[in-house]
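In what follows, every chain begins at residue 1, and chains take the letters A, B, ... in the order their sequences are listed.
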Amino acid sequence: MKQNKQINVYKTIMTAVLLAAGFIMIIPFFWMLSTSFKSPNEIFEYPIQWIPSEFDWDPHKRVWFGDLSFFNYYFNSIKIAVLGTAGATFIGAMAAYGFARIPFKGRDFLFLLYLMMMMVPPQVLFVPKFIMFDWTGIYNTHWALILPTIFTIIGVFYMRQFFITIPNEISESAFMDGAGHFRIFFKIFLPLAKPAIATFAILDFSWNWNNYEDALVFLVSEELYTVPLGLDNFVLEFSVDYSGMMAAATASVVPIIIIFLLGQRYIIEGVASSAVKG
Amino acid sequence: MNWMKKQKLIGYLFILPSLIGVTIFFLFPLLFSFVLSFTNWTGPSGQGTEFVGLQNFQRLVGDSVFHQAFGNNFLYLLHVPISVIFGFIVAVFLNRSVYLKNLLRAVFFLPYLISPIAIGFVWMLLFNPTEGPINVLLMNLGIDNPPGWLASSGSSMYAIIVMSAWQIMGFNIIIYLAALQDVPRELEEAAKMDGAKRWQITKNVIFPFVSPITLFLLIIGIANAFKNFGLIQAVTGGGPANSTNILPLYVYQTAFRYYELGYASTIAIVLFIVIFAITLLQWFGQKKWVHY
């Protein structure tokens, strides 16, 4: 009885310490949100006004309805992220099944090749891709971002790891019943792998949403800008509009925060398992 | 038997779409980039391009910005061990009995998922040298001349290091937490029986046990520090006076600000070799470190 109480005191103290540390971790988010509602003269007030004396909606209006509207950036980002993620999930899952379950000739060599491609820094590919995209005319179109992301390597790797854990007997008994690989893939593996596929899709969507570097290299027309590039552009154009900057930053992180709140367990467990087993 | 054979051939069909795409968007550009690194290709069309042999590599040797970017890149690496150490400490505490475990885990992980550039702009204001909350706080603590952070070349990289450490720490915590689940209870119990204190158990039992994970996190962090430049490009553009310029950013700027595509490819190839060496280090290191 006594010991139980002692443990609880310890537990409470530990929780308080970690809550304090966690609070420091998310202070920048609070500051961003609170600043986005401040009028210019209030922004750097000391001590920090966490809750603005008066909520100023103007910064958010400037972001959504100003000269550089975030509606357009949102539309572009959603289009790219949805098409890219859907393609990557499907093509990645198919390749993952092939690598995990079909013992064709040269498989191990190809898989090693994929592994090596994962090491290649994206900057090495920027220049040749720029030249190729310029040749083929997809430079400065959304396809320059969508197409490469559809052919995901990390997705193949991640889903393959899950497919390997599905017991052999399941596919073997289906095989005995005369089902081919396509049937096994669609009817057995895809349904079984739903959690792994969902995890990958969520992560891939957030990578696509946050992808700033490719957009920076391959998009030049403002009407094609994605959210990160639009945010960058906003900061360049209005470099002293601090509350507007924070409103724009808020606009760009909100979808990811919502996705994280909804799919938190998938995401965290997905990240943990992919890295530790990898 | 024939059917079985056909089913094996179907394996190619499954990976074919992916393989075609990977060839076009990864393999071919990679090889192309090696070729480009020996040319003087400028501008998108590359008119008048010639092979220049090792000229680009010779230029690299005497390029002071390249040297600076290389050095900066190593300074920038500091955020990796910092985030790994703090990540380990937080994970150990989180793994012991605490309330609100899932909430805390989520709070620490969140920055990792957020767009580096969005959060970079937030930090940029927090680090504002004259009015930003960080320096105002430092001045109130009695530090009369706080660093100029992003505005001064002596301190800019340290501000970037803080941002990056903050951002990747959540990843390290999640990986450590997963690894800590595998620490055998008996091992801890035995140490406790021998009268070991909590921190002794952490230091002598848990830390050695997760050492392969520590190596993994260090290597992956270091490799990423040679790959990502978005945050720095958005926040400082590599300045002031190239003090935050790192290799991947230098590749980007050489290629897309000055359109020296051949020379940019040369820098990129060097970058690739660096990352390749680091990865090999991991492969060999892992064999040495893993002890079960």
- Message: Given heavy-atom pairs under 4.5 angstrom as the criterion, report whether the side chain, backbone, both or neither of A:Ile153 touches chain B.
- Response: side chain
- Message: Between B:Thr214 and B:Tyr176, is there a side-chain donor-acceptor contact under 3.5 Å, judged purely by atom types and distance?
- Response: yes
- Query: When heavy-atom pairs shorter than 4.5 Å are enumerated against chain A, which of B:Gly120, B:Pro29, B:Ala223 gives the highest number?
  - Reply: B:Pro29
- Query: Is chain A contacted by the side chain of B:Tyr250, its backbone, both, or neither, given a heavy-atom distance below 4.5 Å?
  - Reply: neither
- B:Asn56 side chain to B:Thr266 backbone, donor-acceptor under 3.5 Å: no
- Item | Ring centres under 6.0 angstrom apart (A:Phe104, B:Phe14) | no
- Query: Under 3.5 Å, is there a donor-acceptor pair between the side chain of B:Asn73 and the main chain of B:Ala225?
  - Reply: yes
- Query: Among B:Ile119, B:Leu104, B:Leu125, B:Ile10, which residue forms the greatest number of heavy-atom pairs with chain A at distances under 4.5 Å?
  - Reply: B:Leu125
- Query: What part of A:Ala215 gets closer than 4.5 Å to chain B, counting heavy atoms only: side chain, backbone, both or neither?
  - Reply: neither
- Report yes if some heavy atom in the side chain of A:Leu216 is under 4.5 Å from a heavy atom in the side chain of B:Phe256; otherwise report no. no
- Heavy atoms only, distances under 4.5 angstrom: which of A:Phe182, A:Trp209, A:Phe185, A:Phe23 has the most pairs with chain B? Name it, please. A:Phe182
- How about A:Ile184 and A:Tyr97: do any of their side-chain heavy atoms sit closer than 4.5 Å? yes
- Of the non-hydrogen atoms in A:Val127 and B:Ala255, which two are nearest, and what is the gap between them? CG2-CB, 3.6 Å
- Query: So which part of A:Tyr114 gets closer than 4.5 Å to some heavy atom of chain B, the side chain, the backbone, both or neither?
  - Reply: side chain
- Minimum heavy-atom distance between B:Ile114 and A:Ile256, given as atom pair plus value: CD1-CG2, 4.1 Å
- Task: Tell me, for A:Phe99 versus chain B, whether the close heavy atoms (under 4.5 Å) come from the side chain, the backbone, both or neither.
- Result: both
- Note on the structure: With chain A, the option among B:Ile269, B:Leu19, B:Leu94 that has the most non-hydrogen atom pairs under 4.5 Å is B:Leu19
- Query: Tell me, side chain or backbone of A:Val156 under 4.5 Å from chain B's heavy atoms, or both, or neither?
  - Reply: side chain
- Query: Non-hydrogen atoms of chain A under 4.5 Å away: do they reach the side chain of B:Val251, the backbone, both or neither?
  - Reply: side chain
- Please determine, among B:Trp123, B:Phe229, B:Phe93, the option with the most heavy-atom pairs under 4.5 Å with chain A. B:Phe229
- Message: Under a 4.5 Å cutoff for heavy-atom pairs, which residue among A:Trp31, A:Trp207, A:Tyr139 has the most contacts with chain B?
- Response: A:Trp31
- Query: Of the backbone (N, CA, C, O) and the side chain (C-beta and beyond), which part of A:Leu18 lies under 4.5 Å from a heavy atom of chain B, both, or neither?
  - Reply: both
- Query: Which residue out of A:Ala249, A:Ala251, A:Ser252, A:Gly180 racks up the most heavy-atom pairs below 4.5 Å with chain B?
  - Reply: A:Gly180
- Under 4.5 Å to a heavy atom of chain A? For B:Leu16 that would be neither
- Task: Could you tell me whether a side-chain N or O of A:Thr35 sits under 3.5 Å from a main-chain N or O of A:Met32, the two making a donor and an acceptor?
- Result: no
- Query: Which of parallel (below 30°), tilted (30 to 60°) and perpendicular (above 60°) describes B:Tyr112 and B:Phe109?
  - Reply: tilted
- Query: Is it the backbone or the side chain of A:Trp135 that comes under 4.5 Å from a heavy atom of chain B, or both, or neither?
  - Reply: side chain
- Query: Relative to chain B, which segment of A:Leu110 carries a heavy atom at a distance below 4.5 Å: side chain, backbone, both, or neither?
  - Reply: side chain
- Note on the structure: In short, A:Asn210 meets B:Ser115 closest at the heavy-atom pair OD1-CB, 3.2 Å
- Side chain from CB out, backbone as N, CA, C, O: work out which of these in A:Met119 comes under 4.5 Å of a heavy atom of chain B, or both, or neither. both
- May I ask you to name which of A:Arg107, A:Lys105, A:Arg265 has the most heavy-atom pairs under 4.5 Å with chain B? A:Lys105
- Which portion of B:Ile267 sits near chain A, non-hydrogen atoms under 4.5 angstrom: neither
- Which residue out of B:Ser265, B:Ala106, B:Ser37 racks up the most heavy-atom pairs below 4.5 Å with chain A? B:Ala106
- Message: Between A:Tyr242 and chain B, with a heavy-atom cut-off of 4.5 Å, which part of the residue counts as in contact: side chain, backbone, both or neither?
- Response: both
- Minimum heavy-atom separation for B:Phe108 to A:Gly22, with atom names? CZ-N, 3.6 Å
- Message: Among A:Ile131, A:Ile43, A:Val120, which residue has the highest count of heavy-atom pairs closer than 4.5 Å to chain B?
- Response: A:Ile131
- Query: With chain B, which of A:Pro121, A:Gly106, A:Gly92 has the greatest number of heavy-atom pairs at distances under 4.5 Å?
  - Reply: A:Pro121
- Note on the structure: Most contact-rich option vs chain A, by heavy-atom pairs under 4.5 angstrom, among B:Phe32, B:Phe25, B:Trp166, B:Tyr99, is B:Tyr99
- Look only at the side chain of A:Tyr212 and the backbone of B:Ala118, and say whether a donor-acceptor pair between them is shorter than 3.5 Å. no
- Query: Checking A:Leu113 against chain B: side chain, backbone, both or neither under 4.5 Å from a heavy atom?
  - Reply: side chain
- Answer yes or no on whether B:Arg198 is positioned over the face of A:Tyr10, meaning its NZ or CZ is under 6.0 Å from the six-membered ring centre and within 45° of the axis. yes
- Side-chain H-bond candidate by donor/acceptor type, B:Asn228 with A:Glu213, under 3.5 Å: no
- List the atom of A:Lys129, the atom of A:Asp214, and the distance in Å for their closest heavy-atom pair. NZ-OD1, 4.0 Å
- Message: Can you tell me which portion of A:Val235 sits under 4.5 Å from chain B's heavy atoms? Options are side chain, backbone, both or neither.
- Response: side chain
- Residues of residues 227-234 of chain A with a heavy atom under 4.5 Å from any heavy atom of chain B, in residue-number order, are A:Pro228, A:Leu231, A:Asp232
- Message: Treating B:Asn135 as the side-chain partner and B:Phe127 as the backbone partner, does any N or O pair qualify as donor plus acceptor under 3.5 Å?
- Response: no
- Under 4.5 Å to a heavy atom of chain B? For A:Met132 that would be side chain
- Message: For A:Phe111, does the six-membered ring have the charged nitrogen or CZ of A:Arg160 within the cation-pi criterion, i.e. under 6.0 angstrom from the centroid and within 45° of the normal?
- Response: yes
- Message: Could you report the tightest heavy-atom contact between B:Thr130 and B:Val136, atom names first, then the distance?
- Response: O-CG2, 4.3 Å
- Message: Please report whether the ring centroid of B:Tyr252 lies less than 6.0 Å from that of A:Phe126.
- Response: no
